[in-house]
Amino acid sequence: MKYNALKGVEDILPPDIFLWQRAETVAKAFFSRYGFSEIRLPIIESTDIFIRSIGESTDIVGKEMYTFPDKAGRSITLRPEGTASAVRCYVEHGLNNLPSPQKFFYTGPMFRYERPQKGRQRQFYQIGAEAFGSEHPSIDAEMIVMLNNLLSELGLKEVEFELNSIGCEECRPAYKASLTDFFRNRLDEYCPDCKNRFSTNPLRILDCKVEHCIELRQGAPSVTDHLCADCRAHFDELLLRLGLMNIKYTLNPNLVRGLDYYTRTAFEVTSQHLGAQKAVAGGGRYDKLVKEFGGPDTPAIGFAIGMERLIALLKDSETAAAPVPKVFIAALGEEADRQAAVIAEGLRRQGTWAELNYAASSLKSQLRKADRLGAEYAFIIGDNELKDGIMQWKNLKTGEQGQCSLKEPASVFNK
RNA sequence: GUGGGUGUAGCUCAAUGGUAGAGCGCUGGACUGUGGCUCCAGUUGUUGCGGGUUCGAUCCCCGUCAUCCACCCCA
């Protein structure tokens with residue numbers, strides 16, 4: 001084998017592809033039911049778009065972007081996520097002039113230059129949804145409910161919804177200040193990573209996994225105790241509505257999302273069956289981002305589902321059933337082979353999946369192939385049948401056999 | 001970027017310091033025009049790559065590449 005796919009980049013083949021297709025079909029059905037329209041976004045964008053939205057200090061921007069100059073020397077980046085493009089698109093096309101909220105979904109590959117591991121690759125697929133133009137908690141609740149319902153429709157069990165509010169630009173600075181005061185006292189006792197986080201993103205210290213850091217941070221101030229009245233009311237209303245719709249969730253005051261643009265509601269769907277990268281979906285509010293992109297002050301919220309992780313969970317409980325041909329036509333002899341092709345074409349025009357052998361071989365091996373393909377029926381044509389204008393048919397599940405006219409092969413299974 | 005594990009047939013894996021085998025798969029036959037079950041036969045390898053030690057390396061050592069898992073970080 002001479003060539004390999006690039007590191008962290010995978011081919012998706014049958015039978016897995018059937019799970020992907022099912023997941024996408026179900027997701028789209030839910031999106032349309034909740035009024036989300038598809039948008040198709042470009043895979044490449046101007047690099048600034050990501051720096052501006054995701055944030056200069058994040059790992060994504062700092063070390064994970066596929067960035068390169070195009071032939072005119074512009075800096076181009078393969079999108080590491082979808083929200084930035086969606087916001088750019090919303091502002092660029094003046095979609096704020098349409099009735100609010102505007103609700104969209106998108107799907108496609110994202111790219112991050114990272115070391116691959118379980119549940120993480122350099123090219124990975126997301127299905128994302130974004131809603132622009134409402135700050136009301138009802139839209140937060142609706143998106144979380146939609147996500148919950150579509151995941152459970154797909155049969156996902158043992159997933160957990162984790163929820164938090166990380167405040168707004170009113171209350172977050174004060175919280176951050178009291179948090180850094182808390183950490184500063186014993187900063188030298190934290191792990192090296194946390195010392196870094198202290199200056200880059202102190203909220204992150206809250207979900208460090210190092211034992212000693214976990215002890216040290218006992219008693220650290222909690223975001224939810226520092227929310228301003230508006231954020232508090234927003235979060236309470238969201239929780240109330242989720243309760244009304246019987247959505248189970250856990251509050252996780254340590255849930256911090258990695259991208260700079262998040263405000264208020266933050267949530268993640270996690271599973272213990274995924275390895276270290278356990279989030280199958282994540283999202284939150286980004287009320288300042290549209291304005292940051294030069295649009296009107298427009299609140300917004302979105303989430304993204306990690307497709308590979310979703311598929312991994314689906315594979316725990318089901319195998320993808322490959323579709324099977326309705327008919328396999330076995331032909332014996334050159335003239336029969338020609339007629340078989342004509343009959344197959346007739347069936348296909350009626351929308352029936354018909355397979356041929358594409359080679360001269362024994363009836364036995366042709367039937368073996370029909371069986372391996374999982375065909376429901378085998379049709380058999382040889383010289384004897386041609387002479388009489390008929391075919392033998394055989395139901396490969398029941399073994400039942402009979403004859404039919406060459407002209408009406410579909411009559412065998414359209415009874 | 002850091003740490004650890006693993007590289008042998010299409011796939012899953014054995015094996016020995018004396019140049020490799022099984023199961024599955026695939027092809028054919030037993031059954032001259034009837035699949036699945038059974039039996040029989042056939043089929044595939046530069047043992048990831050380069051170097052070193054050795055009379056001799058798939059095995060030991062070094063390097064390299066790939067891959068997996070974890071850290072960082074994220075979907």
Side-chain angles (χ1 to χ4, degrees), chain A residues 1-10 54-55 57-65 79-83 107-128 147 191-194 196-197 200-201 204 207-210 255-259 262 267-271 274-284 302-313 328 330-333 336 357 359 361-385 391-401:
Chain A
M1 196 72 90
K2 196 141 198 245
Y3 292 108
N4 293 36
L6 294 175
K7 184 194 285 291
V9 164
E10 286 171 357
I54 298 167
S57 69
T58 61
D59 273 21
I60 293 182
V61 169
K63 54 184 202 192
E64 295 174 0
M65 294 206 303
R79 63 181 183 191
E81 58 109 37
T83 300
T107 176
M110 308 294 163
F111 303 84
R112 292 182 200 170
Y113 193 86
E114 305 181 87
R115 285 286 281 271
Q117 71 183 80
K118 191 178 181 67
R120 175 156 70 194
Q121 39 284 121
R122 289 183 171 180
Q123 175 174 338
F124 59 100
Y125 289 77
Q126 290 188 336
I127 294 187
L147 177 58
C191 71
D193 283 330
C194 280
N196 268 331
R197 292 171 177 131
T200 55
N201 190 351
R204 286 234 151 271
D207 58 18
C208 180
K209 290 163 200 154
V210 175
L255 175 64
V256 181
R257 316 239 55 247
L259 284 51
Y262 284 113
F267 58 97
E268 239 175 53
V269 185
T270 60
S271 166
L274 279 176
Q277 308 306 321
K278 65 190 172 94
V280 66
F303 67 75
I305 302 171
M307 287 299 289
E308 285 80 0
R309 295 179 189 179
L310 174 63
I311 300 303
L313 291 174
F328 183 95
L332 295 159
N357 194 55
S361 53
S362 69
L363 179 61
K364 180 184 179 60
S365 77
Q366 295 192 53
L367 286 177
R368 192 184 295 150
K369 187 188 279 185
D371 186 57
R372 273 207 320 267
L373 291 174
E376 283 180 54
Y377 289 88
F379 287 175
I380 301 164
I381 321 177
D383 292 340
N384 300 339
E385 287 78 8
M391 281 187 297
Q392 309 288 335
W393 60 264
K394 181 169 188 176
N395 181 321
L396 293 174
K397 302 279 172 319
T398 64
E400 192 186 355
Q401 299 197 51

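Lettering of chains follows the sequences in order, A, B, ..., and the numbering in each one begins at 1.
Rounding to the nearest 0.5 angstrom, the gap separating the NZ atom in A:Lys209 from the CG atom in A:Asp193 is 10.5 Å. To the nearest 0.5 angstrom, A:Ile380 atom CD1 is 5.0 Å from A:Leu367 atom CG. Between atom SG of residue A:Cys191 and atom CZ of residue A:Arg197 there is a gap of 5.5 Å, rounded to the nearest 0.5 Å. Between the CG atom of A:Asn357 and the CZ atom of A:Phe328 there is a distance of 4.0 Å, given to the nearest 0.5 Å. Once rounded to the nearest 0.5 Å, the distance linking CZ of A:Arg115 with CD of A:Gln121 reads 15.0 Å.
Between the CG atom of A:Leu6 and the P atom of B:rC65 there is a distance of 16 Å, given to the nearest Å. Rounded to a whole Å, the CG atom of A:Asp193 is 17 Å from the P atom of B:rA70. A straight line from NZ of A:Lys7 to C1' of B:rC68 spans 10 Å, rounded to a whole angstrom. For A:Gln277 and B:rA75, the CD to P distance is 10 Å, given to the nearest whole Å. Computed from coordinates, the A:Glu308 CD to B:rA75 P distance equals 13 Å when rounded to whole Å. Distance, A:Glu81 CD to B:rA75 P: 8 Å, rounded to whole Å. Rounded to whole angstrom, the span from the NZ atom of A:Lys118 across to the P atom of B:rA70 amounts to 7 Å. With rounding to whole Å, A:Asn196 atom CG is found 18 Å from B:rG1 atom P.
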(Q) Just to be sure I follow the notation: if a pair is Watson-Crick (purine N1 to pyrimidine N3 plus N6-O4 or O6-N4) or a G-U wobble (N1-O2 and O6-N3), each under 3.5 Å, what dot-bracket string does RNA chain B give, with | for pairs to another strand? (A) (((((((..((((....[..))))((((((.......))))))....(((((..]....))))))))))))....
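A pairwise comparison of heavy atoms in A:Phe124 and A:Phe111 identifies CE2-N, 4.2 Å as the closest pair. When all heavy atoms of A:Leu274 and A:Gln277 are compared, the closest pair comes out as CB-O, 3.5 Å. In terms of heavy atoms, A:Leu363 sits closest to A:Leu332 at N-CD2, 3.8 Å. Closest of all the heavy-atom pairs between A:Met65 and A:Pro80 is SD-CG, 4.0 Å. Of all heavy-atom pairs between A:Phe267 and A:Leu255, the closest is CA-CD2, 3.8 Å. Nearest heavy-atom pair, A:Ala331 versus A:Gln366, reported as atom, atom and distance to 0.1 Å: O-NE2, 2.8 Å.
Between A:Lys278 and A:Glu268 there is no salt bridge, since no side-chain nitrogen of the basic residue lies less than 4.0 Å from a carboxylate oxygen of the acidic one.
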Do any N or O atoms of the protein come closer than 3.5 Å to N or O atoms of nucleotides 2-9 of chain B, and which pairs are they?
from: B:rU2; atom 1: O4; to: A:Arg115; atom 2: NH1; distance (Å): 3.1
from: B:rU2; atom 1: O4; to: A:Arg115; atom 2: NH2; distance (Å): 3.3
from: B:rG3; atom 1: O6; to: A:Arg115; atom 2: NH2; distance (Å): 3.4

(Q) So if I define the base as every atom that isn't primed, P, OP1 or OP2, how would nucleotides 29-47 of chain B read as a B/S/- string at a heavy-atom cutoff under 4.0 Å? (A) --B-BBBB-----------
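Rounded to whole Å, the P atom of B:rC61 lies 22 Å from the corresponding atom of B:rA66. Taking atom C1' on both nucleotides, B:rC62 is separated from B:rC24 by 37 Å, rounded to a whole Å. Taking atom P in both B:rG7 and B:rU44, the straight-line distance is 24 Å, to the nearest Å. Distance check on atom C1': B:rU47 versus B:rA20 gives 8 Å, rounded to whole Å. Comparing the same atom, P, in B:rG45 and in B:rC11 gives a spacing of 13 Å after rounding to whole Å. Distance noted for atom C1' between B:rU19 and B:rU46: 11 Å (whole Å). Taking atom P in both B:rC13 and B:rC55, the straight-line distance is 37 Å, to the nearest Å. Nucleotides B:rC31 and B:rG36 are separated by 14 Å at their P atoms, to the nearest Å.
Among the atoms of the strands shown, none is found under 4.0 Å from any heavy atom of A:Val269. Here A:Gln366 lies out of heavy-atom contact (under 4.0 Å) with every strand. Counting non-hydrogen atoms under 4.0 angstrom, A:Ala279 reaches the backbone sugars and phosphates but no base. Contact annotation for A:Gly119: base contact, defined as any heavy-atom pair under 4.0 Å involving a base atom.
Which of B:rC71, B:rC68, B:rU67 sits closest to the side chain of A:Pro116 comes down to B:rC68. Comparing atom distances between the A:Tyr262 side chain and each of B:rC73, B:rA66, B:rA75 picks out B:rA75 as nearest.
For A:Gln117 and B:rA70, the shortest distance from a side-chain N or O to OP1 or OP2 is below 4.0 Å.
Between A:Gly283 and A:Lys209, the residue anchored nearer the 5' end of RNA chain B, judged by the nucleotide with its closest heavy atom, is A:Lys209. In terms of position along RNA chain B, the nucleotide closest to A:Cys208 lies nearer the 5' end than the nucleotide closest to the other residue of the pair A:Cys208 and A:Val280.
Both cation-pi conditions hold for A:Arg122 and A:Tyr113: the charged atom is under 6.0 angstrom from the six-membered ring centre and inside a 45 degree cone around its axis.
For the residue pair A:Gln401/A:Gln392, the side-chain donor-acceptor check at 3.5 Å is not satisfied.
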